[in-house]
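One structure below.
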Amino acid sequence: MTPKDIMIQARAHGVNPVKEPHLLWIFQQALDMPLPPHWAHDEHTNEYVNELTGERAAANPAHEHVDALIKRWRHLPRDALTDQRADTT
């Protein structure tokens with residue numbers, strides 16, 4: 001993922017990269033984030049499928065975790081971020 005890709009992903013999740021640069025690490029970390037259990041990407045339909053329930057989703061279901069991280073970190077004072085980033089799960 002290039003810096004431009006990170007900016008695009010940030011904006012897609014409602015993060016302003018200029019005003020909230022302290023949140024950009026979330027999108028870098030998301031590169032290594034696996035799909036949730038029982039989810040797979042169907043390359044034929046470009047959808048995500050839960051192999052247990054049959055549920056289908058257009059967006060990566062891991063994005064919910066990304067959104068939760070954004071919500072958690074957005075409201076912390078910036079000086080607290082360095083100390084707490086180790087606990088991202």
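Sequential numbering from 1 along the given sequence is applied to the chain's residues. Remember, it's a predicted structure, so these values are computed and weren't measured experimentally.
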Inset, instruction - Tell me, with the steps shown, if Ile70 and Glu20 meet side chain to side chain contact (heavy atoms under 4.5 Å, CB included). - result: CA-CA 10 Å; Ile70 292 166; Glu20 301 175 298; over 6 Å; no
What distance do [X] atom [atom1] and [Y] atom [atom2] have between them, rounded to the nearest 0.5 Å?
X: His65; Y: Gln29; atom1: NE2; atom2: CD; value: 6.5 Å
X: Asp42; Y: Arg56; atom1: CG; atom2: CZ; value: 5.0 Å
X: Met7; Y: Thr2; atom1: CE; atom2: OG1; value: 9.5 Å
X: Glu64; Y: Leu69; atom1: CD; atom2: CG; value: 12.5 Å

Inset, instruction - Look at the aromatic rings of Phe27 and His13 and report parallel, tilted or perpendicular, splitting at 30° and 60°. - result: tilted
Inset, instruction - Could you check whether the rings of Trp25 and Trp73 sit parallel, tilted or perpendicular, using 30° and 60° as the cut-offs? - result: perpendicular
Inset, instruction - Would you mind reporting whether Gln9 and Val66 have side-chain heavy atoms less than 4.5 Å apart? - result: no
Legend entry - Within one Ile-Leu-Val-Met-Phe-Trp-Tyr cluster: Leu76 and Ile26, side-chain cutoff 4.5 Å: yes
Inset, instruction - Consider only side-chain heavy atoms of I, L, V, M, F, W and Y, link residues closer than 4.5 Å, and tell whether Met33 and Val15 are in one cluster. - result: yes
Legend entry - Which atom of Pro61 lies closest to which atom of Leu35, heavy atoms considered: CD-CD2, 4.1 Å
Legend entry - Step-by-step side chain to side chain contact (heavy atoms under 4.5 Å, CB included) determination, Asn46 to His41: CA-CA 7 Å; Asn46 201 30; His41 183 248; 2.9 Å; yes
